Amino acid sequence: MQRPHSPHVNRRASQRAKHSTHRTVTPSSDRSASRSHRRPPFKPLELWRRLAISAIFLLCLIATGWILLSALRPPAPIITEQADERYYFADSKYSGIRSKFVTRRSEKEQVSIEYPITGIAPIDTFVQQAIDRHDGEFRQMQSSAVNSPMTETISYQVTHQSDTHLSLVLHIKQDTHGAHPASLTQFWTFDKQAGRSITLRELLMQQEGALKAIVAAARQHVAAALEQQHKPAASLDELLTESHLEHFVVMDRSHIGWPFGQHAFLPSSYGEVPISLPIAPLAEHLQHPLAQALFEVPVPPKPEVTAPAPPAPSASCGATPCIALTFDDGPGPHTERLLNILQEREAKATFYVLGNKAAAHAATLRRIKQQGHEIGNHSWGHANLAKLSAEEVRNDLSRTNDAIRDAVGTAPTSARPPYGSTNDTVRTELSRLGMSSVLWSVDTRDWADRDSGIVCSRALASAKSGAIVLLHDIHSTSVDAVPCILDGLKKQGYRFITASELLGAMTPGQNYYSGS
Ligand code: NI
(Lines give C-alpha, C1' and ligand atoms only; values in the text may rest on other atoms or scores of the structure.)
Protein backbone atom coordinates (compact mmCIF):
# COMPACT_ATOMS: atom_id res chain seq x y z
CA MET A 1 0.00 0.00 0.00
CA GLN A 2 1.39 3.39 -1.04
CA ARG A 3 1.12 6.09 1.53
CA PRO A 4 1.60 9.80 0.91
CA HIS A 5 4.14 10.62 3.60
CA SER A 6 6.50 12.82 1.66
CA PRO A 7 4.54 16.07 2.31
CA HIS A 8 5.11 15.62 6.05
CA VAL A 9 8.80 15.07 5.54
CA ASN A 10 9.17 18.09 3.25
CA ARG A 11 7.27 20.36 5.56
CA ARG A 12 9.52 19.42 8.41
CA ALA A 13 12.64 19.89 6.32
CA SER A 14 11.68 23.36 5.20
CA GLN A 15 10.85 24.33 8.76
CA ARG A 16 14.33 23.32 9.79
CA ALA A 17 15.79 25.21 6.85
CA LYS A 18 13.97 28.37 7.90
CA HIS A 19 15.27 28.01 11.41
CA SER A 20 18.85 27.70 10.16
CA THR A 21 18.69 31.10 8.42
CA HIS A 22 18.85 32.93 11.69
CA ARG A 23 21.96 31.08 12.83
CA THR A 24 24.00 31.68 9.65
CA VAL A 25 23.63 35.46 9.42
CA THR A 26 26.52 36.25 11.78
CA PRO A 27 29.52 34.44 10.11
CA SER A 28 28.69 35.64 6.57
CA SER A 29 28.65 39.29 7.67
CA ASP A 30 32.16 38.86 9.25
CA ARG A 31 33.67 37.70 5.95
CA SER A 32 32.22 40.53 3.93
CA ALA A 33 33.60 42.99 6.45
CA SER A 34 37.24 41.73 6.03
CA ARG A 35 37.05 42.15 2.23
CA SER A 36 36.03 45.73 2.56
CA HIS A 37 39.34 46.51 4.46
CA ARG A 38 41.50 45.47 1.48
CA ARG A 39 39.52 47.59 -1.04
CA PRO A 40 39.09 51.24 -0.25
CA PRO A 41 37.41 53.58 -1.03
CA PHE A 42 34.65 52.66 1.20
CA LYS A 43 31.31 52.39 -0.61
CA PRO A 44 28.53 51.52 1.83
CA LEU A 45 26.05 50.61 -0.89
CA GLU A 46 28.50 48.22 -2.61
CA LEU A 47 29.30 46.57 0.70
CA TRP A 48 25.64 45.98 1.49
CA ARG A 49 25.04 44.51 -1.97
CA ARG A 50 27.94 42.05 -1.61
CA LEU A 51 26.88 41.22 1.85
CA ALA A 52 23.35 40.44 0.69
CA ILE A 53 24.49 38.26 -2.25
CA SER A 54 26.87 36.29 -0.04
CA ALA A 55 24.21 35.84 2.59
CA ILE A 56 21.70 34.53 0.04
CA PHE A 57 24.32 32.18 -1.45
CA LEU A 58 25.25 30.81 1.95
CA LEU A 59 21.66 30.50 2.92
CA CYS A 60 20.94 28.41 -0.17
CA LEU A 61 23.90 26.18 0.49
CA ILE A 62 22.92 25.55 4.06
CA ALA A 63 19.30 24.98 3.16
CA THR A 64 20.25 22.42 0.49
CA GLY A 65 22.47 20.70 3.00
CA TRP A 66 19.67 20.50 5.50
CA ILE A 67 17.24 19.16 2.96
CA LEU A 68 19.70 16.50 1.82
CA LEU A 69 20.51 15.58 5.37
CA SER A 70 16.92 15.24 6.49
CA ALA A 71 16.04 13.19 3.40
CA LEU A 72 18.85 10.77 4.15
CA ARG A 73 18.30 10.78 7.86
CA PRO A 74 16.40 7.63 8.83
CA PRO A 75 13.89 7.49 11.58
CA ALA A 76 10.95 9.84 11.16
CA PRO A 77 8.24 8.00 13.16
CA ILE A 78 5.91 7.64 10.12
CA ILE A 79 8.53 5.71 8.19
CA THR A 80 8.88 3.37 11.13
CA GLU A 81 5.14 2.71 10.94
CA GLN A 82 5.40 1.76 7.30
CA ALA A 83 7.97 -0.80 8.30
CA ASP A 84 5.39 -2.14 10.75
CA GLU A 85 2.83 -2.64 8.01
CA ARG A 86 2.10 -6.22 7.00
CA TYR A 87 -0.37 -7.52 4.51
CA TYR A 88 -1.56 -10.79 3.04
CA PHE A 89 -4.36 -12.07 0.84
CA ALA A 90 -6.91 -14.71 1.74
CA ASP A 91 -10.24 -16.01 0.55
CA SER A 92 -13.18 -14.35 2.22
CA LYS A 93 -16.29 -16.14 3.37
CA TYR A 94 -18.07 -14.66 0.33
CA SER A 95 -17.99 -16.61 -2.88
CA GLY A 96 -15.67 -15.12 -5.47
CA ILE A 97 -14.37 -12.38 -3.16
CA ARG A 98 -10.87 -12.33 -1.68
CA SER A 99 -9.61 -10.08 1.07
CA LYS A 100 -6.42 -8.11 1.46
CA PHE A 101 -5.60 -7.91 5.16
CA VAL A 102 -3.38 -5.00 6.16
CA THR A 103 -2.07 -4.59 9.70
CA ARG A 104 0.05 -1.90 11.33
CA ARG A 105 1.35 -2.33 14.83
CA SER A 106 3.34 0.27 16.73
CA GLU A 107 3.39 2.02 20.07
CA LYS A 108 0.98 4.57 18.67
CA GLU A 109 -1.49 2.46 16.74
CA GLN A 110 -2.96 -0.96 16.25
CA VAL A 111 -4.54 -1.12 12.81
CA SER A 112 -6.28 -3.94 10.98
CA ILE A 113 -7.90 -3.36 7.62
CA GLU A 114 -9.65 -5.86 5.38
CA TYR A 115 -10.06 -4.73 1.78
CA PRO A 116 -12.51 -6.63 -0.45
CA ILE A 117 -11.08 -7.83 -3.74
CA THR A 118 -14.04 -8.59 -5.98
CA GLY A 119 -12.01 -8.68 -9.17
CA ILE A 120 -14.17 -5.88 -10.57
CA ALA A 121 -11.62 -3.09 -10.82
CA PRO A 122 -13.89 -0.03 -10.56
CA ILE A 123 -15.62 -1.44 -7.48
CA ASP A 124 -12.37 -2.49 -5.81
CA THR A 125 -10.82 0.92 -6.45
CA PHE A 126 -13.91 2.74 -5.22
CA VAL A 127 -14.03 0.78 -1.97
CA GLN A 128 -10.27 1.02 -1.45
CA GLN A 129 -10.41 4.79 -1.81
CA ALA A 130 -13.23 4.97 0.72
CA ILE A 131 -11.25 2.84 3.17
CA ASP A 132 -8.08 4.88 2.65
CA ARG A 133 -10.00 8.10 3.30
CA HIS A 134 -11.11 6.79 6.69
CA ASP A 135 -7.64 5.44 7.43
CA GLY A 136 -6.08 8.75 6.42
CA GLU A 137 -8.33 10.64 8.85
CA PHE A 138 -7.42 8.17 11.55
CA ARG A 139 -3.71 8.67 10.93
CA GLN A 140 -4.02 12.44 11.11
CA MET A 141 -5.34 12.16 14.62
CA GLN A 142 -2.21 10.39 15.82
CA SER A 143 -0.27 13.60 16.39
CA SER A 144 -1.96 14.06 19.75
CA ALA A 145 0.21 12.61 22.49
CA VAL A 146 -1.35 9.52 24.05
CA ASN A 147 -0.11 6.82 26.31
CA SER A 148 -1.88 3.77 24.86
CA PRO A 149 -2.05 3.02 21.11
CA MET A 150 -5.13 4.10 19.17
CA THR A 151 -6.89 1.27 17.39
CA GLU A 152 -8.57 1.01 14.02
CA THR A 153 -10.39 -1.94 12.53
CA ILE A 154 -11.94 -1.68 9.08
CA SER A 155 -13.79 -4.71 7.80
CA TYR A 156 -16.49 -5.38 5.24
CA GLN A 157 -19.64 -7.42 5.01
CA VAL A 158 -21.48 -8.59 1.90
CA THR A 159 -25.21 -8.59 2.57
CA HIS A 160 -26.25 -9.61 -0.92
CA GLN A 161 -24.56 -10.98 -3.99
CA SER A 162 -25.97 -12.09 -7.31
CA ASP A 163 -24.58 -12.38 -10.83
CA THR A 164 -25.47 -8.77 -11.43
CA HIS A 165 -25.39 -6.98 -8.07
CA LEU A 166 -23.39 -6.73 -4.88
CA SER A 167 -24.35 -5.07 -1.60
CA LEU A 168 -21.43 -4.24 0.65
CA VAL A 169 -21.07 -2.63 4.09
CA LEU A 170 -17.83 -1.18 5.45
CA HIS A 171 -17.52 -1.25 9.23
CA ILE A 172 -15.03 1.31 10.45
CA LYS A 173 -14.21 1.05 14.13
CA GLN A 174 -11.72 3.60 15.43
CA ASP A 175 -10.75 4.15 19.03
CA THR A 176 -8.99 7.49 19.04
CA HIS A 177 -9.43 8.03 22.75
CA GLY A 178 -12.63 9.96 22.45
CA ALA A 179 -11.62 12.23 19.62
CA HIS A 180 -13.96 10.72 17.04
CA PRO A 181 -17.08 8.54 16.76
CA ALA A 182 -16.08 4.97 17.39
CA SER A 183 -18.21 3.06 14.92
CA LEU A 184 -18.94 4.24 11.41
CA THR A 185 -20.29 2.50 8.35
CA GLN A 186 -20.43 3.07 4.65
CA PHE A 187 -22.50 0.94 2.32
CA TRP A 188 -23.46 0.58 -1.29
CA THR A 189 -25.22 -1.67 -3.71
CA PHE A 190 -23.13 -2.05 -6.85
CA ASP A 191 -24.12 -2.83 -10.38
CA LYS A 192 -21.34 -5.31 -11.14
CA GLN A 193 -21.44 -4.83 -14.87
CA ALA A 194 -21.42 -1.04 -14.75
CA GLY A 195 -18.95 -1.07 -11.86
CA ARG A 196 -20.80 1.66 -10.00
CA SER A 197 -23.15 2.03 -7.08
CA ILE A 198 -26.92 2.29 -7.52
CA THR A 199 -28.90 5.04 -5.84
CA LEU A 200 -32.32 4.71 -4.28
CA ARG A 201 -33.80 7.04 -6.88
CA GLU A 202 -32.86 4.59 -9.60
CA LEU A 203 -35.21 2.01 -8.09
CA LEU A 204 -38.25 4.22 -8.29
CA MET A 205 -40.63 5.03 -11.11
CA GLN A 206 -42.68 7.85 -9.59
CA GLN A 207 -39.70 9.23 -7.77
CA GLU A 208 -40.95 12.06 -5.58
CA GLY A 209 -43.95 10.31 -4.09
CA ALA A 210 -42.03 7.07 -3.67
CA LEU A 211 -39.05 8.80 -2.04
CA LYS A 212 -41.35 10.54 0.42
CA ALA A 213 -42.98 7.24 1.30
CA ILE A 214 -39.63 5.50 1.83
CA VAL A 215 -38.16 8.36 3.88
CA ALA A 216 -41.31 8.37 6.01
CA ALA A 217 -41.05 4.61 6.54
CA ALA A 218 -37.37 4.96 7.50
CA ARG A 219 -38.16 7.70 10.04
CA GLN A 220 -40.91 5.58 11.48
CA HIS A 221 -38.51 2.66 11.79
CA VAL A 222 -35.93 4.79 13.62
CA ALA A 223 -38.49 6.38 15.91
CA ALA A 224 -39.78 2.94 16.89
CA ALA A 225 -36.23 1.67 17.47
CA LEU A 226 -35.32 4.64 19.67
CA GLU A 227 -38.46 4.18 21.69
CA GLN A 228 -37.80 0.49 22.11
CA GLN A 229 -34.23 1.13 23.25
CA HIS A 230 -35.40 3.87 25.63
CA LYS A 231 -33.29 6.43 23.83
CA PRO A 232 -34.40 10.05 23.69
CA ALA A 233 -36.74 10.86 20.81
CA ALA A 234 -35.22 12.96 18.03
CA SER A 235 -36.80 15.32 15.52
CA LEU A 236 -36.20 12.96 12.63
CA ASP A 237 -38.09 15.10 10.15
CA GLU A 238 -35.09 17.42 10.19
CA LEU A 239 -32.33 14.92 10.90
CA LEU A 240 -33.08 12.02 8.57
CA THR A 241 -33.55 13.08 4.98
CA GLU A 242 -33.55 11.66 1.48
CA SER A 243 -29.81 12.26 1.12
CA HIS A 244 -29.05 9.85 3.97
CA LEU A 245 -30.91 7.11 2.12
CA GLU A 246 -29.21 7.60 -1.24
CA HIS A 247 -27.08 4.48 -0.81
CA PHE A 248 -28.68 1.30 0.43
CA VAL A 249 -28.04 -2.42 0.67
CA VAL A 250 -30.08 -5.47 -0.18
CA MET A 251 -30.40 -7.14 3.23
CA ASP A 252 -32.21 -10.15 1.92
CA ARG A 253 -34.48 -10.21 -1.08
CA SER A 254 -37.39 -8.98 1.02
CA HIS A 255 -35.65 -6.20 2.97
CA ILE A 256 -33.91 -2.99 1.98
CA GLY A 257 -31.34 -1.73 4.48
CA TRP A 258 -29.36 1.28 5.61
CA PRO A 259 -26.93 -0.19 8.19
CA PHE A 260 -25.99 3.18 9.71
CA GLY A 261 -23.25 3.25 12.30
CA GLN A 262 -22.77 6.13 14.69
CA HIS A 263 -23.10 9.76 13.76
CA ALA A 264 -24.80 9.16 10.40
CA PHE A 265 -27.72 11.45 11.15
CA LEU A 266 -28.05 11.33 14.93
CA PRO A 267 -25.42 12.42 17.48
CA SER A 268 -22.78 9.80 18.28
CA SER A 269 -24.31 9.25 21.70
CA TYR A 270 -27.25 7.45 20.03
CA GLY A 271 -24.91 4.66 18.96
CA GLU A 272 -25.51 2.65 15.80
CA VAL A 273 -28.86 3.24 14.12
CA PRO A 274 -29.38 0.59 11.43
CA ILE A 275 -32.55 0.77 9.33
CA SER A 276 -34.15 -2.19 7.61
CA LEU A 277 -37.50 -1.95 5.86
CA PRO A 278 -39.59 -4.82 4.53
CA ILE A 279 -40.20 -4.57 0.79
CA ALA A 280 -43.81 -5.73 0.73
CA PRO A 281 -45.39 -2.57 2.21
CA LEU A 282 -43.34 -0.48 -0.25
CA ALA A 283 -44.14 -2.70 -3.23
CA GLU A 284 -46.24 -0.12 -5.04
CA HIS A 285 -43.18 2.17 -5.16
CA LEU A 286 -40.76 -0.54 -6.25
CA GLN A 287 -42.25 -1.81 -9.49
CA HIS A 288 -39.21 -0.57 -11.44
CA PRO A 289 -37.42 -3.48 -13.18
CA LEU A 290 -34.21 -2.65 -11.30
CA ALA A 291 -36.02 -2.90 -7.97
CA GLN A 292 -37.58 -6.15 -9.12
CA ALA A 293 -34.13 -7.48 -10.02
CA LEU A 294 -32.80 -6.72 -6.54
CA PHE A 295 -35.79 -7.59 -4.41
CA GLU A 296 -38.74 -9.89 -4.37
CA VAL A 297 -41.32 -7.22 -5.01
CA PRO A 298 -44.88 -8.48 -4.65
CA VAL A 299 -47.02 -7.67 -7.68
CA PRO A 300 -49.89 -5.35 -6.79
CA PRO A 301 -53.01 -7.42 -6.15
CA LYS A 302 -54.87 -8.42 -9.29
CA PRO A 303 -58.58 -9.21 -9.41
CA GLU A 304 -58.54 -12.58 -7.80
CA VAL A 305 -59.18 -15.65 -9.88
CA THR A 306 -61.70 -17.32 -7.66
CA ALA A 307 -60.82 -20.89 -6.91
CA PRO A 308 -63.87 -22.97 -7.61
CA ALA A 309 -65.65 -23.74 -4.39
CA PRO A 310 -66.46 -27.39 -3.93
CA PRO A 311 -69.82 -27.94 -5.60
CA ALA A 312 -72.75 -28.03 -3.20
CA PRO A 313 -74.47 -31.37 -2.96
CA SER A 314 -77.64 -31.66 -5.03
CA ALA A 315 -80.71 -33.83 -4.59
CA SER A 316 -80.08 -35.77 -7.78
CA CYS A 317 -76.33 -36.29 -7.37
CA GLY A 318 -75.99 -36.64 -3.59
CA ALA A 319 -72.64 -35.91 -1.96
CA THR A 320 -70.62 -36.64 -5.11
CA PRO A 321 -71.20 -33.81 -7.60
CA CYS A 322 -72.53 -34.86 -10.99
CA ILE A 323 -73.29 -33.13 -14.22
CA ALA A 324 -74.98 -33.97 -17.52
CA LEU A 325 -73.25 -32.85 -20.69
CA THR A 326 -75.69 -32.79 -23.61
CA PHE A 327 -74.87 -32.54 -27.31
CA ASP A 328 -77.54 -31.34 -29.74
CA ASP A 329 -78.11 -31.31 -33.50
CA GLY A 330 -75.99 -34.37 -34.38
CA PRO A 331 -74.85 -36.84 -35.20
CA GLY A 332 -72.28 -35.09 -37.40
CA PRO A 333 -68.75 -35.38 -38.69
CA HIS A 334 -67.23 -34.63 -35.25
CA THR A 335 -69.40 -37.01 -33.24
CA GLU A 336 -67.04 -39.99 -33.55
CA ARG A 337 -64.15 -37.87 -32.26
CA LEU A 338 -66.33 -36.76 -29.36
CA LEU A 339 -67.12 -40.38 -28.57
CA ASN A 340 -63.37 -41.11 -28.40
CA ILE A 341 -62.83 -38.25 -25.97
CA LEU A 342 -65.71 -39.38 -23.75
CA GLN A 343 -64.46 -42.96 -23.88
CA GLU A 344 -60.94 -42.02 -22.87
CA ARG A 345 -62.26 -40.15 -19.86
CA GLU A 346 -64.97 -42.61 -19.00
CA ALA A 347 -67.60 -39.89 -19.16
CA LYS A 348 -71.25 -40.38 -20.07
CA ALA A 349 -73.23 -37.84 -22.04
CA THR A 350 -76.60 -37.35 -23.74
CA PHE A 351 -77.06 -36.79 -27.47
CA TYR A 352 -80.20 -35.01 -28.68
CA VAL A 353 -80.20 -36.05 -32.29
CA LEU A 354 -82.17 -35.01 -35.34
CA GLY A 355 -84.37 -37.69 -36.92
CA ASN A 356 -83.26 -36.75 -40.41
CA LYS A 357 -79.64 -37.57 -39.56
CA ALA A 358 -80.29 -40.88 -37.81
CA ALA A 359 -80.35 -43.13 -40.84
CA ALA A 360 -77.17 -41.70 -42.34
CA HIS A 361 -75.31 -41.99 -39.01
CA ALA A 362 -76.81 -45.22 -37.77
CA ALA A 363 -73.38 -46.65 -36.91
CA THR A 364 -72.53 -43.60 -34.84
CA LEU A 365 -75.86 -43.85 -33.04
CA ARG A 366 -75.15 -47.45 -32.21
CA ARG A 367 -71.74 -46.57 -30.85
CA ILE A 368 -73.35 -43.87 -28.72
CA LYS A 369 -75.66 -46.41 -27.23
CA GLN A 370 -72.97 -49.07 -26.82
CA GLN A 371 -70.76 -46.66 -24.89
CA GLY A 372 -73.59 -46.13 -22.40
CA HIS A 373 -74.58 -42.67 -23.48
CA GLU A 374 -78.19 -41.59 -23.79
CA ILE A 375 -79.92 -40.71 -27.05
CA GLY A 376 -82.77 -38.17 -27.00
CA ASN A 377 -85.20 -36.77 -29.55
CA HIS A 378 -84.36 -33.31 -30.96
CA SER A 379 -87.14 -33.34 -33.62
CA TRP A 380 -86.87 -34.46 -37.20
CA GLY A 381 -85.48 -31.36 -38.90
CA HIS A 382 -85.03 -28.81 -36.02
CA ALA A 383 -88.47 -27.23 -36.39
CA ASN A 384 -89.79 -24.80 -33.77
CA LEU A 385 -92.34 -27.24 -32.28
CA ALA A 386 -94.20 -24.50 -30.42
CA LYS A 387 -95.31 -23.15 -33.79
CA LEU A 388 -96.68 -26.46 -35.04
CA SER A 389 -100.10 -28.00 -34.63
CA ALA A 390 -100.59 -30.88 -32.23
CA GLU A 391 -100.65 -33.31 -35.11
CA GLU A 392 -97.53 -31.88 -36.65
CA VAL A 393 -95.78 -32.07 -33.30
CA ARG A 394 -96.91 -35.65 -32.80
CA ASN A 395 -95.76 -36.67 -36.32
CA ASP A 396 -92.41 -34.91 -35.94
CA LEU A 397 -91.63 -36.55 -32.59
CA SER A 398 -92.88 -40.01 -33.62
CA ARG A 399 -91.02 -40.04 -36.89
CA THR A 400 -87.80 -39.18 -35.11
CA ASN A 401 -88.36 -41.84 -32.43
CA ASP A 402 -88.83 -44.40 -35.21
CA ALA A 403 -85.61 -43.43 -36.98
CA ILE A 404 -83.67 -43.77 -33.72
CA ARG A 405 -85.28 -47.12 -32.95
CA ASP A 406 -84.38 -48.27 -36.43
CA ALA A 407 -80.75 -47.44 -35.79
CA VAL A 408 -80.25 -48.61 -32.22
CA GLY A 409 -83.21 -50.83 -31.37
CA THR A 410 -84.89 -48.69 -28.73
CA ALA A 411 -86.82 -45.39 -28.81
CA PRO A 412 -85.82 -42.46 -26.59
CA THR A 413 -87.76 -41.46 -23.50
CA SER A 414 -86.78 -37.80 -23.46
CA ALA A 415 -86.85 -35.00 -26.00
CA ARG A 416 -85.32 -31.56 -26.27
CA PRO A 417 -87.51 -29.22 -28.25
CA PRO A 418 -85.31 -27.18 -30.67
CA TYR A 419 -84.52 -23.68 -29.33
CA GLY A 420 -85.98 -24.80 -26.00
CA SER A 421 -89.25 -23.71 -27.51
CA THR A 422 -92.19 -25.48 -25.97
CA ASN A 423 -95.84 -24.95 -25.06
CA ASP A 424 -98.85 -26.86 -23.75
CA THR A 425 -99.37 -28.64 -27.11
CA VAL A 426 -95.75 -29.86 -27.15
CA ARG A 427 -95.97 -30.95 -23.51
CA THR A 428 -99.27 -32.79 -24.19
CA GLU A 429 -97.89 -34.61 -27.23
CA LEU A 430 -94.73 -35.57 -25.34
CA SER A 431 -96.84 -36.81 -22.47
CA ARG A 432 -98.86 -38.98 -24.85
CA LEU A 433 -95.60 -40.54 -26.09
CA GLY A 434 -94.49 -41.14 -22.47
CA MET A 435 -91.71 -38.63 -22.91
CA SER A 436 -90.45 -35.67 -20.92
CA SER A 437 -88.78 -32.46 -22.09
CA VAL A 438 -85.15 -31.99 -21.00
CA LEU A 439 -83.88 -28.43 -21.34
CA TRP A 440 -80.66 -27.07 -19.77
CA SER A 441 -79.26 -24.92 -16.95
CA VAL A 442 -75.90 -24.05 -18.51
CA ASP A 443 -75.77 -22.61 -22.02
CA THR A 444 -72.19 -22.55 -23.29
CA ARG A 445 -73.29 -20.53 -26.36
CA ASP A 446 -70.83 -22.68 -28.25
CA TRP A 447 -72.69 -22.13 -31.53
CA ALA A 448 -72.11 -18.36 -31.20
CA ASP A 449 -68.50 -18.19 -30.06
CA ARG A 450 -66.94 -21.16 -31.86
CA ASP A 451 -63.94 -20.77 -29.53
CA SER A 452 -63.09 -23.82 -27.49
CA GLY A 453 -61.33 -21.78 -24.78
CA ILE A 454 -64.36 -19.58 -24.19
CA VAL A 455 -66.70 -22.56 -24.35
CA CYS A 456 -64.67 -24.42 -21.74
CA SER A 457 -64.38 -21.38 -19.42
CA ARG A 458 -68.08 -20.78 -19.62
CA ALA A 459 -68.88 -24.42 -18.87
CA LEU A 460 -66.48 -24.49 -15.91
CA ALA A 461 -67.65 -21.15 -14.57
CA SER A 462 -71.31 -22.10 -14.58
CA ALA A 463 -71.00 -25.71 -13.56
CA LYS A 464 -72.67 -26.93 -10.42
CA SER A 465 -73.82 -30.27 -9.22
CA GLY A 466 -76.99 -31.34 -10.99
CA ALA A 467 -76.45 -28.97 -13.92
CA ILE A 468 -77.41 -29.83 -17.47
CA VAL A 469 -74.91 -28.31 -19.92
CA LEU A 470 -75.89 -27.46 -23.49
CA LEU A 471 -73.33 -28.09 -26.25
CA HIS A 472 -73.49 -28.92 -29.95
CA ASP A 473 -71.38 -31.72 -31.40
CA ILE A 474 -71.82 -30.39 -34.94
CA HIS A 475 -69.17 -27.73 -34.21
CA SER A 476 -65.54 -28.83 -34.20
CA THR A 477 -64.71 -26.12 -31.65
CA SER A 478 -67.32 -27.50 -29.27
CA VAL A 479 -65.82 -30.98 -29.47
CA ASP A 480 -62.36 -29.40 -28.97
CA ALA A 481 -63.60 -27.85 -25.73
CA VAL A 482 -64.75 -31.17 -24.26
CA PRO A 483 -61.35 -32.41 -22.93
CA CYS A 484 -60.89 -29.11 -21.12
CA ILE A 485 -64.41 -29.25 -19.67
CA LEU A 486 -64.09 -32.86 -18.58
CA ASP A 487 -60.62 -32.44 -17.06
CA GLY A 488 -61.54 -29.18 -15.36
CA LEU A 489 -64.69 -30.53 -13.80
CA LYS A 490 -63.09 -33.84 -12.90
CA LYS A 491 -60.57 -31.91 -10.79
CA GLN A 492 -63.51 -30.48 -8.89
CA GLY A 493 -64.78 -33.98 -8.25
CA TYR A 494 -67.55 -34.17 -10.83
CA ARG A 495 -68.76 -37.34 -12.42
CA PHE A 496 -70.43 -37.23 -15.81
CA ILE A 497 -73.78 -38.97 -16.20
CA THR A 498 -76.64 -38.98 -18.67
CA ALA A 499 -79.63 -36.65 -18.39
CA SER A 500 -81.95 -39.49 -17.44
CA GLU A 501 -79.58 -40.68 -14.74
CA LEU A 502 -79.33 -37.16 -13.45
CA LEU A 503 -83.04 -36.51 -13.43
CA GLY A 504 -84.15 -39.96 -12.26
CA ALA A 505 -87.77 -40.93 -12.69
CA MET A 506 -89.32 -38.22 -14.89
CA THR A 507 -92.98 -37.35 -15.18
CA PRO A 508 -94.09 -37.54 -18.85
CA GLY A 509 -94.87 -34.10 -20.36
CA GLN A 510 -92.89 -32.27 -17.73
CA ASN A 511 -90.06 -29.79 -18.47
CA TYR A 512 -86.71 -30.43 -16.73
CA TYR A 513 -83.91 -27.90 -16.58
CA SER A 514 -81.58 -29.38 -14.07
CA GLY A 515 -81.28 -31.98 -11.40
CA SER A 516 -81.32 -29.61 -8.45
NI1 NI B 1 -80.67 -27.76 -31.67
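Order of appearance sets the numbers: ligands from 1, and atoms from 1 within every ligand. Given the structure is predicted, the values throughout are model-derived calculations rather than measurements. All values below were derived from every heavy atom in this structure, side-chain atoms included, with hydrogens, water molecules and symmetry-related copies excluded.
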Exercise. For F496, what residues pass the ring pair (Phe, Tyr, Trp, His ring centres under 6.0 Å) criterion, not counting sequence neighbours?
Worked result: none
Seminar exercise, completed: Here the gap from Y512 atom OH to R416 atom CZ, rounded to the nearest 0.5 Å, amounts to 14.5 Å
Exercise. For D329, what residues pass the salt bridge (Lys or Arg N to Asp or Glu O under 4.0 Å) criterion, not counting sequence neighbours?
Worked result: none
Problem set entry | Total protein N/O/S atoms whose distance from the Ni ion (ligand 1) is less than 2.8 Å | 3
Exercise. Does some side-chain heavy atom of S476 sit less than 4.5 Å from a side-chain heavy atom of R337?
Worked result: yes
Exercise. Excluding sequence neighbours, so at least two apart, what forms salt bridge (Lys or Arg N to Asp or Glu O under 4.0 Å) with R345?
Worked result: D487
For this session: Could you tell me how the ring of F187 sits relative to the ring of F260: parallel (under 30°), tilted (30 to 60°) or perpendicular (over 60°)?
Result: perpendicular
